[in-house]
Amino acid sequence: MSATARRVLAWVVGGVCLGVVAGLLVVAVLDLDVGDRAASVVGAVVAVAGLALSLITLLVTPAGGGPGAGPVTVRARGRGAVAAGGSVRGNAIGDRAKVTGPPASSPPPAAPGPPGGRNVTARGEGAVSAGEDIVDNAIGEDSER
């Protein structure tokens with residue numbers, strides 16, 4: 001589902017919820033007994049819908065479907081372009097770039113990305129892209145780390 005579709009769905013669900021709450025308030029003001037019974041029924045329906053949604057999500061999510069799961073597509077296009085599916089650490093990238101001295105201390109591991117696959121693309125002359133962190137590198141002409 002695209003990000004736009006998710007936003008539209010969120011607005012629709014939010015609008016329906018707001019309408020239900022407004023309706024329950026009106027019924028409760030007019031007749032408290034009827035409002036109490038209506039709220040009980042709405043609560044039960046929402047609980048069953050939540051249970052169904054949880055089961056569907058559990059069954060649809062692939063095994064190992066945690067963060068970062070899924071295929072990684074890596075593409076580098078252009079003269080000197082570099083793309084990596086993971087982290088890029090302690091490298092010299094570019095004409096006459098060089099790494100000198102010991103590597104910097106290891107940074108903490110990268111936060112997991114969104115679930116599902118991801119695309120990493122470096123497009124254009126000298127472009128650099130990574131699926132995770134780019135740390136402790138010499139990038140560009142005559143650069144040094």
What residues form a salt bridge (charged side-chain N to carboxylate O under 4.0 Å, His left out) with Arg75, not counting sequence neighbours?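 Checked Arg75 against salt bridge (charged side-chain N to carboxylate O under 4.0 Å, His left out); zero matches.
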
My understanding is that only residues two or more places apart in sequence, or in another chain, count here; which of them pass salt bridge (charged side-chain N to carboxylate O under 4.0 Å, His left out) with Arg7?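 Result, salt bridge (charged side-chain N to carboxylate O under 4.0 Å, His left out) vs Arg7: none returned.
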
Give me the other members of the hydrophobic cluster that [X] sits in, counting Ile, Leu, Val, Met, Phe, Trp and Tyr linked by side-chain heavy atoms under 4.5 Å, directly or via other members.
X     : answer
Val26 : Leu30
Val48 : none
Val21 : Leu25
Leu51 : Leu55

If you look only at pairs with a residue in residues 26-45, which of them pass as a salt bridge (charged side-chain N to carboxylate O under 4.0 Å, His left out), with sequence neighbours excluded?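 Output for this query is empty, none listed.
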
Not counting sequence neighbours, which residues clear side-chain hydrogen bond (donor to acceptor under 3.5 Å, both in side chains) with Thr100? List them please.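 With neighbours one apart ignored, the set is Glu144.
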
Could you pull out all residues at least two apart from Val46 that satisfy side chain to side chain contact (heavy atoms under 4.5 Å, CB included)?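 Per chain and number, Val46 pairs via side chain to side chain contact (heavy atoms under 4.5 Å, CB included) with Val42.
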
Any residue meeting side chain to side chain contact (heavy atoms under 4.5 Å, CB included) with Val13, in chain and number order, not counting sequence neighbours: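 Only Leu9, Cys17 meet the side chain to side chain contact (heavy atoms under 4.5 Å, CB included) criterion with Val13.
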
Solution key, residues 121-131 side-chain donor-acceptor pairs under 3.5 Å, sequence neighbours excluded:
unit_1, atom_1, unit_2, atom_2, d
Ser129, OG, Thr121, O, 3.4

